[in-house]
Amino acid sequence: MRFPLYTRRVVQQSGKGKIYTQYAMIVVGNGRGLVGLGEGKAQYQPHAAERAFAQAVRNMDWVERFEERTLWGEVSTKLGAVKVVMRPRPVGFGLMCAPGVHQVMKAAGVRDVSVKVWGSRNKMGVVKAVVRALQSGSAMVGMGDGVGGEARRMEAGAGLRGKAAVERERGRRILDARTW
């Protein structure tokens, strides 16, 4: 799946005048746990979209999902002035979040989650923070975003846990309780 999130015309002021460029932000995913975010700039919009798509494919990473539909636990992150808290929800709850975050969750295959944003509500900053928090789950426990933290579960201060970590903690296997 390919979702073009935002397109903008950006301007660089130089001594010769204003230089106009097109900017594109695209999220890609397979709807089953892989998601990536890309940004691209070029003189024309289609070229910027191509560059953003290529970067998004290169940035694809795995998202750990509980019962193939929601997150394993509450996850919070902060990026600049944007603070995001993502909470798992019961079956059939849906996606209660901003439109850009909704596209990211659809691309990742997450169907039941609520996302609360505090601080700045800059659309591009919110999307970047959500993707960083989702992808940090594939890092080692306690690594967060891979460089020392940021994306952490609120209760234990560790990265997003996967199924194997929960099974190891409980000492037993988790059975799939879905009825469909």
Side-chain angles (χ1 to χ4, degrees), residues 1-65 69-71 74-87 94-139 143-152 159-160:
M1 289 185 267
R2 175 182 183 161
F3 298 106
L5 296 178
Y6 304 113
T7 57
R8 300 267 188 276
R9 187 182 77 164
V10 294
V11 182
Q12 177 189 0
Q13 180 68 47
S14 70
K16 296 180 179 180
K18 297 178 181 176
I19 300 172
Y20 297 103
T21 314
Q22 300 294 324
Y23 167 88
M25 178 184 278
I26 290 180
V27 66
V28 297
N30 65 354
R32 295 188 308 271
L34 277 176
V35 68
L37 179 71
E39 301 172 282
K41 283 201 289 189
Q43 189 170 1
Y44 300 106
Q45 187 60 46
H47 300 303
E50 285 175 18
R51 289 183 182 184
F53 177 73
Q55 186 183 17
V57 170
R58 283 195 300 269
N59 291 338
M60 285 180 85
D61 199 3
W62 189 253
V63 175
E64 290 282 349
R65 298 174 301 151
R69 62 169 186 84
T70 189
L71 304 176
E74 191 168 304
V75 178
S76 67
T77 188
K78 183 176 184 299
L79 179 70
V82 177
K83 297 173 191 154
V84 177
V85 177
M86 296 183 286
R87 296 182 178 101
L95 295 171
M96 186 173 286
C97 52
V101 178
H102 191 276
Q103 301 286 39
V104 171
M105 295 296 179
K106 274 175 57 177
V110 177
R111 295 191 307 269
D112 300 311
V113 73
S114 66
V115 179
K116 175 66 181 157
V117 180
W118 282 294
S120 172
R121 285 179 166 75
N122 179 293
K123 296 175 183 177
M124 291 186 280
V126 169
V127 168
K128 289 178 188 178
V130 166
V131 169
R132 186 175 76 173
L134 284 176
Q135 291 182 344
S136 69
S138 62
M143 287 296 289
D145 61 0
V147 290
E150 290 304 327
R152 300 193 176 260
L160 181 64

Atom NZ in Lys83, atom CZ in Arg121: separation rounded to 0.5 Å?
-> 11.0 Å

Work out which heavy atom in Arg2 is nearest to a heavy atom in Ala49; give both atom names and the distance.
-> NH2-O, 3.9 Å

If you look at every heavy atom in Ala133 and Met86, which pair is closest and at what distance?
-> CB-CE, 3.5 Å

To the nearest 0.5 Å, atom NZ of Lys116 lies from atom OG of Ser76 at 14.0 Å

Thr21 and Ala42 have their tightest heavy-atom pair at CG2-O, 3.0 Å

Identify each donor-acceptor pair in which a side-chain atom of residues 4-13 lies under 3.5 Å from a protein atom, sequence neighbours left out, and give them as a table.
none

Is the CE atom of Met1 crowded by more than 12 outside heavy atoms at less than 6.0 Å?
-> yes

Is a side-chain donor or acceptor of Arg69 paired with a backbone partner of Val113 at a separation under 3.5 angstrom?
-> no

What are the two closest non-hydrogen atoms of Ala107 and Val27, and how far apart are they?
-> CB-CG2, 4.3 Å

Taken to the nearest 0.5 Å, the spacing of Leu79 CG from Met124 CE works out to 12.0 Å

Apply side chain to side chain contact (heavy atoms under 4.5 Å, CB included) to the pair Val104 and Leu134, showing each step before the final yes or no.
-> CA-CA 10 Å; Val104 171; Leu134 284 176; 4.0 Å; yes

Atom pair CG/CG of Asp112 and Leu71 - distance to nearest 0.5 Å | 10.0 Å

Taking all non-hydrogen atoms of both residues, which atom of Gly40 and which atom of Ala52 are closest, and how far apart?
-> N-CB, 3.5 Å

Heavy atoms of Leu34 and Met60 approach each other most closely as CB-CE, 3.6 Å

Would you mind telling me which of Thr77, Val82, Leu37 makes a side-chain contact (heavy atoms from CB on, under 4.5 Å) with Lys128?
-> Leu37

From CA spacing to verdict: side chain to side chain contact (heavy atoms under 4.5 Å, CB included), Glu39, Gln55 | CA-CA 7 Å; Glu39 301 172 282; Gln55 186 183 17; 3.9 Å; yes

State the CD-CZ distance between Glu74 and Arg87, to the nearest 0.5 angstrom.
-> 4.5 Å

Measure the NE2-CE distance between His102 and Met105 for me, rounded to the nearest 0.5 Å.
-> 10.0 Å

